[in-house]
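Below is one structure, written out as structure tokens, with a few remarks after it.
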Amino acid sequence: MKYEPKNIEKKWQQYWEEKGINKNYSREKKFYALDMFPYPSGVGLHVGHPKGYIATDVVSRFKMLNGFSVLHPMGWDAFGLPAENYAIKNKSNPNVFTAKSIATYKKQLEMFGFTYDWDREINTTDPEYYKWTQWIFLKLFEKGLAYESNAPINWCPSCKTGLSNEDLENGKCERCGSDVEQKPMRQWVLKMTEYADRLLYDLDSQDLDWEDMIVQQQKNWIGRSEGVQFEIKIKDSEEKIEVYTTRIDTVFGITYAVVAPEHEIIEKIKEKISNYSEVEKYIEDANKKTNLERTELQKEKTGVKLEGVKVVNPFTKEVIPLFVADYVLGGYGTGAVMAVPAHDERDFEFAFKQGLDVIEVVLGGIISEKAFTEDGILINSDKYDGLTSEQAREKMADWLEKEGIGKRKVNYKMRDWVYSRQRYWGEPIPIIHCEKCGAVGVPEEQLPVTLPDVENYEPTGTGESPLANIHEWVNTTCPKCGGSAKRETNTMPQWGGSSWYYLRYIDPKNDKELVSKELEKEWMPVDLYVGGAEHATRHLLYARFWHKFLYDIGVVSTTEPFKKLVHVGLIMAEDGRKMSKRWNNVVNPDDVIAEFGADSMRLYEMFMGPFSQSVAWSTAGVKGVRKFLDKVWKLQGRIMNHESGIKNKKIDSLVHKTIKKVGEDIENFRFNTAISAMMILVNAMEKESQLSVTSYELLITILSPFAPHIAEEIWQEKLGNKQSIFLASWPQFDADLARDEEMEIVVQVNGKVRERLMVAADVTEDEIKETALESEKVKVFTEGKEIKKVIFVPGKLLNIVI
RNA sequence: GCCCAGGUGGUGGAAUUGGUAUACACGCCAGUCUUAGGAACUGGUAGAGCAAUCUGUGGAGGUUCGAGUCCUCUCCUGGGCACCA
């Protein structure tokens, strides 16, 4: 009989489901394998999506064979813009679109034979789920970690709508091409910076097994810096500005100061500014630019001097000019900087444009050419002359603190998390605004605050969420005083539901609490988390932040959610570009599975190359692994069923070497070499006319995590086992059997290979040396030369140095 | 500009601690079988050379008995962050 994937794959998928192979939770040892759950888009999966899921499935099945209970769930991160845009266009509820997309995804995923426990399927848009997303928000609000603030959004004045960064094209509205403005909106913000230190330090924790690459990216994103904040007085005024710097040692080199266009001081001292109209114009223009524009372009630095205003350097008492310039950002630090052109590149460039003084205060560079930004020895700095930068920073910070005009301060690049969206398709924020009581949390027992049906999903035109137009929903009573009040109409960002979903899988039906304490202890932390590197900073930081908060309020027992994190490399299209409808280069997994079978698909994606590296898809490549499975299938014909023990030392040795290698490779995510090792074994087995049942059974077992359907078919139907192969055990590696009787020793002369010798495994160094020197091929090079040295590497080589 | 990965046959890639460069697979070439082949099987396949041999892991140096692997410089590609004070 021929190997026909079509005939066996469905059958075993149903069998596993019926026998509960994917929900065998009663074992002592636990393993929690998690995939980053997908956003179900309308177009369905392409072959790139399942790569990570296949890997977690291989590991899950491998862990089952090693006696673990494995939790391997799947769900849907289903709030988000595409569904909302579809709803606007078709005037239909995004629910409908979402449900349809989920059905498509699920059907596609089911073809792969994953061990998902679908009883635990979750959906972030399900009120029973987002009830708890809202609950977490309430807790954050109660603890003072959620606050209201004005934060700018990208605003298209012609569409009268807020835009996501994705909707922008070179700073213009993607739809109508108008210039996008920054419009301040009332927003909910989460005080993530309060957790900055813990988020940073726990990255180095012993029980975190993350790739360096991702750890590094998070560290840079958090961006901790130690410096000082001090005040600079405005001359002839009570007003002052606060500046922050990590290079207080360069303070004697200040030749001017700069404030961001949005800095409040400008408004306060406007009657002092003699060129105010010019300044006002500059600010207006700056506000039109998006943050991206202001920060991204390698553009010329612009700015306007505030005429009539001077500030005072507290160290030198020198009087210097003040500028407004958009290279200083309002949202970072204090929104004002002391400018030291000699020792800061941006200040240098700005000073050059404006013709400002450059004073060298740290030795080491040629400041007539460019800024010297490294540490050095101080000059032109009065009593601090001769100190190193490091010493000066200490002394100067001491002085500022003593004088009471500054203090040491730790700063973070990371900002608080703007947590509201003016959209329909998101979790309603469970807050009620009362004129008397202010913002009041919706009482817990009234959760979830469900999304009401609306007729129109279009934006309101004021920038508010479409929910603002549903008066019967908005108007309510204050839970505190009973007076009339209004509901919050902002909704949560997509990141909300995905920041805690791994906890819900553990206890998906619990309507009393987010997760039961016992189950949480049983499964957390997640042992293995696999997903794309694009989530290295945002999703993974948000989830860690919420997890730490949940730890603080006693909901979870671990400080970190994900023990091991591995990132999956992209699958590019055959033309080397990203797979996209736009390039018409998308490969659909349904077609691949129909032609080659799910096992070939799984095997191929694991064989393509190193797991975390991006690789181009090749349909021709799938044929290769299919051929391999065909060979495995055909080996059945060589099994001696009632054998009186076929002993084949060579095959037995290779089998055991392969067992070891495949096991180690799975643990280390080196699936490609695991598969090539199995190919080598199968090629060797093909050369034998007879094979023992044992060796074949071992091959099938180690293959089963990768190609579960064909393995189960052979295991039960051909080898006559009565139970699933996934209730069997991973084979024991036998070092005695694996040992070779003979080995090849390479003989080199001056590092060049001249001869290869087959010798017995127990031969001594002297014996090898003797044989080598007698070899004709070696003699050609050694004849008449003096042998200076002979280097011997046991089991590998002999190098004769002449 | 900064940070992180990478650069190995025609292609994807392998090489665990510095020890046989190119495993495994694709593709290609030749052959066997076949009415036929986009099937199966066998053999070949880094380059040059009849050969012995020589040259080869982006480039240039270096350390070493020995370097894809370590060091210095340099070029290129991909990804991330970006006027972060």
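Quick note on labels: first sequence line is chain A, next is B, and so on, each numbered from 1. None of these values were measured; they are calculated from a predicted model.
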Check nucleotides 34-42 of chain B for protein N or O atoms closer than 3.5 Å to its own N or O atoms and list the pairs.
none

Report all interatomic pairs (protein N or O, nucleotide N or O of nucleotides 45-52 of chain B) with separations under 3.5 Å.
none

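- The 5' end of RNA chain B is approached more closely, in terms of each residue's nearest nucleotide, by N672(A) than by the other of I675(A) and N672(A).
- For the side-chain contact (heavy atoms from CB on, under 4.5 Å) with S653(A), the lone residue among K650(A), H656(A), K657(A) that qualifies is K657(A).
- Distance from the side chain of F607(A) is smallest for rC24(B) among the nucleotides rA85(B), rG80(B), rC24(B).
- Atoms OH (Y604(A)) and P (rC26(B)) sit 11 Å apart, rounded to a whole Å.
- Between D344(A) atom CG and rG1(B) atom P the separation is 17 Å, expressed in whole Å.
- In this model, the phosphate group of rC84(B) is approached by a side-chain N or O of R346(A) to a distance below 4.0 Å at OP1 or OP2.
- The backbone N or O of W633(A) sits less than 3.5 Å from a side-chain atom of Q636(A), completing a donor-acceptor pair.
- Checking side-chain atoms of N313(A) against main-chain N and O of V251(A) turns up a donor-acceptor pair under 3.5 Å.
- Projected onto RNA chain B by closest heavy-atom contact, K752(A) and P610(A) fall at different nucleotides, the more 5' of which corresponds to P610(A).
- The interatomic distance linking Q613(A) (CD) with rG79(B) (C1') rounds to 12 Å, in whole Å.
- For the C1' atoms, the distance from rU8(B) to rU42(B) is 29 Å, rounded to whole Å.
- For the residue pair K631(A)/N683(A), the side-chain donor-acceptor check at 3.5 Å is satisfied.
- Comparing rC24(B), rA14(B), rC81(B) against the side chain of S676(A) picks out rC24(B) as the nearest.
- Residue-level contact check: N411(A) touches neither bases nor backbone, having no heavy atom under 4.0 Å from any strand.
- Although no hydrogens or angles enter the test, the distance criterion places a donor-acceptor pair under 3.5 Å between the side chain of Y604(A) and the main chain of S618(A).
- Using a 4.0 Å heavy-atom criterion, one finds that R538(A) contacts no nucleic acid atom at all.
- Checked against rC81(B), rG80(B), rC24(B), the side chain of Q217(A) finds its nearest nucleotide in rG80(B).
- When the P atom is compared between rA67(B) and rC54(B), the two are found 15 Å apart, to the nearest whole Å.
- By the ring pair (Phe, Tyr, Trp, His ring centres under 6.0 Å) test, F607(A) pairs with no residue at all, sequence neighbours left out.
- rA85(B) atom P lies 12 Å from atom CZ of R393(A), rounded to whole Å.
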Quick one: which protein N/O atoms are closer than 3.5 Å to N/O atoms of nucleotides 15-21 of chain B? Pair and distance per line, please.
| from | atom 1 | to | atom 2 | distance (Å) |
| --- | --- | --- | --- | --- |
| rG19(B) | N2 | N799(A) | ND2 | 3.4 |
| rU20(B) | O2 | R756(A) | NH1 | 2.1 |
| rU20(B) | N3 | E744(A) | OE1 | 3.2 |

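- Using a 90° window around 0 for the glycosidic torsion, rG62(B) falls outside it and is classed as anti.
- Taking atom CD of Q218(A) as the reference point, atom C1' of rG80(B) lies 13 Å away to the nearest angstrom.
- Checking side-chain atoms of E605(A) against main-chain N and O of K51(A) turns up a donor-acceptor pair under 3.5 Å.
- Using a 4.0 Å heavy-atom distance criterion, S618(A) is classed as making no nucleic acid contact.
- K409(A) meets the side chain to side chain donor-acceptor pair (under 3.5 Å) test with Q229(A); sequence neighbours excluded.
- Separation of the P atoms belonging to rC70(B) and rC24(B) is 26 Å when rounded to the nearest angstrom.
- Here, rA39(B) and rC29(B) have their P atoms 13 Å apart, quoted to the whole Å.
- Whole-Å rounding puts the F596(A) CZ to rC26(B) P distance at 12 Å.
- For N672(A), the side chain to side chain donor-acceptor pair (under 3.5 Å) criterion is met by no residue, not counting sequence neighbours.
- Taking atom CZ on F611(A) and atom C1' on rG13(B), their separation rounds to 17 Å, with Å as the unit.
- Dashed line: the shortest gap from a side-chain N or O of N683(A) to OP1 or OP2 of rA25(B) is under 4.0 Å.
- Distances from the side chain of A620(A) to the nucleotides rA85(B), rC24(B), rC26(B) place rC26(B) closest.
- Between the side chains of N411(A) and S225(A), no donor-acceptor pair is found at a separation under 3.5 Å.
- Salt-bridge annotation for E226(A) and R224(A): present, with a side-chain N of the basic residue lying under 4.0 Å from a carboxylate O of the acidic one.
- Distance, M572(A) CE to rG12(B) C1': 14 Å, rounded to whole Å.
- Atom P of rA52(B) sits at a distance of 33 Å from the matching atom of rC41(B), rounded to the whole Å.
- With sequence neighbours excluded, no residue forms a ring pair (Phe, Tyr, Trp, His ring centres under 6.0 Å) with W210(A).
- For I265(A), the side-chain contact (heavy atoms from CB on, under 4.5 Å) partners at least two apart in sequence or on another chain are I234(A), E239(A), I241(A), V259(A), H263(A), I269(A).
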Pairing of RNA chain B as dot-bracket, 5' to 3': ( ) intra-strand, [ ] crossing, | other strand, . unpaired, with Watson-Crick or G-U pairs under 3.5 Å?
(((((((..(((......[....)))((((((.......))))))(((....)))..(((((..]....))))))))))))....
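- Rounded to the nearest Å, the gap between the P atom of rG56(B) and that of rU69(B) is 14 Å.
- Across rC26(B) and rG13(B), the matching P atoms stand 16 Å from one another, rounded to whole Å.
- Taking F323(A) as the reference, Y256(A), F350(A) meet the ring pair (Phe, Tyr, Trp, His ring centres under 6.0 Å) condition, with sequence neighbours excluded.
- Scanning for ring pair (Phe, Tyr, Trp, His ring centres under 6.0 Å) contacts around W221(A) gives an empty result, with sequence neighbours left out.
- Only the P atoms considered, rG59(B) is 15 Å distant from rC76(B), to the nearest whole Å.
- Checked against rC65(B), rG13(B), rA23(B), the side chain of K789(A) finds its nearest nucleotide in rC65(B).
- Set against rC3(B), rU53(B), rA23(B), the side chain of Q216(A) has rC3(B) as its closest nucleotide.
- The side-chain contact (heavy atoms from CB on, under 4.5 Å) check on V228(A) picks up F230(A), T245(A), I248(A), A397(A), L400(A), R408(A), with sequence neighbours excluded.
- Between D630(A) and the options K627(A), R626(A), K634(A), a salt bridge (charged side-chain N to carboxylate O under 4.0 Å, His left out) holds for only R626(A).
- Using a 4.0 Å heavy-atom distance criterion, F628(A) is classed as making no nucleic acid contact.
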